[in-house]
Amino acid sequence: MSVKDNLKHVLNTVRQAEKQADRVSGTVRLVAVSKTHDGDAIRPAIEAGQRVFGENRVQEAQTKWPSLKQDHPDIELHLIGPLQSNKTAEAVALFDVIQSVDREKIARAIAKEMKTQAKTVKLYVQVNTGDEPQKAGISPSETSAFIEFCHNELGLVIEGLMCIPPADENPGPHFMLLDKLARAAGIEQLSMGMSGDYETAISFGATDVRVGSAIFGQRDYQV
Ligand SMILES: *Cc1c(COP(=O)(O)O)cnc(C)c1O
């Protein structure tokens with residue numbers, strides 16, 4: 001199967017899942033996760049009309065996206081992996097959405113960079129719904145306080161919440177928890193669901209699904 005065919009299939013599945021969940025058609029955004037794939041692999045997806053992409057590493061994204069974005073200025077690039085503070089300037093310059101805001105230090109650095117560059121990036125807070133020690137993200141119990149901190153102390157607007165459920169668990173309860181946290185905070189964007197569970201995520205209210213291997217094929221290495 002080609003990237004073009006895969007993309008078509010995933011988009012059809014997204015539209016079907018919207019219908020099944022009684023959601024308005026077109027309300028779920030497909031973030032095509034292109035990490036580990038180069039410009040030649042990504043271009044067919046752009047040619048097929050895909051405009052929203054996700055990358056998990058700033059440095060890797062810098063090797064391919066500046067030129068692709070130059071050719072297609074309407075592309076929206078999402079950072080979905082952890083951000084180190086020494087990469088904040090590059091991240092704010094290149095990305096349109098940062099989905100992985102996960103600690104005060106990085107929120108502070110992003111706020112400062114947005115001012116310096118006079119650029120607004122949309123921000124999501126990553127929530128560690130399973131409270132897994134090795135995983136990035138704010139603990140569910142601290143999410144509301146963290147959002148208030150971002151808003152009150154830094155003047156940041158948090159537009160979404162993002163989660164990656166534990167690999168070995170049923171994702172449903174995690175999606176439900178993220179939705180509940182978002183509602184409590186008056187937040188509308190919910191980034192949840194990957195190749196294996198995006199239909200489930202849509203049934204739980206996802207507005208952004210992050211799909212990589214179902215579009216671009218298996219990755220050569222684990223990241
Ligand atoms: C890699 C990645 C994805 C996509 O995963 P697939 O299983 O290939 O769809 C989604 N979200 C994040 C945060 C990722 O790092």
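No hydrogens, no waters, no symmetry mates; every other heavy atom, side chains included, goes into these values. Order of listing sets the numbers, starting from 1, for every ligand and every atom in it.
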Show which atoms of ligand 1 fall inside a sub-4.0 Å distance from at least one heavy-atom site of [X].
| X | value |
| --- | --- |
| Ile80 | 11 (N), 12 (C), 13 (C), 14 (C) |
| Ser195 | 6 (P), 7 (O), 8 (O), 9 (O) |
| Arg210 | 4 (C), 9 (O), 10 (C), 11 (N), 12 (C), 13 (C) |
| Val211 | 9 (O) |
| Ile164 | 13 (C) |

Under 3.5 Å, is there a donor-acceptor pair between the Glu113 and Thr88 side chains?
no
Give a yes/no on ligand 1: does Gln99 have at least one heavy atom closer than 4.0 angstrom to it?
no
Please indicate whether any nitrogen or oxygen in Arg219 is less than 3.5 Å from any nitrogen or oxygen in ligand 1.
yes
Let me see the working for Trp65 and Phe95 under ring pair (Phe, Tyr, Trp, His ring centres under 6.0 Å), right down to the final yes or no.
CA-CA 9 Å; Trp65 285 102; Phe95 288 91; 8.9 Å; no
Count the heavy atoms of every other residue, nucleotide or ligand shown that sit under 6.0 Å from CD of Glu188, and state whether that count exceeds 12.
no
State whether the number of non-hydrogen atoms from other residues, nucleotides or ligands found under 6.0 Å of His72 atom NE2 is greater than 12.
yes
Salt bridge Glu18-Arg15, side-chain N to carboxylate O under 4.0 Å
yes
So Val101 and Phe146, do their side chains get closer than 4.5 Å, heavy atoms only?
yes
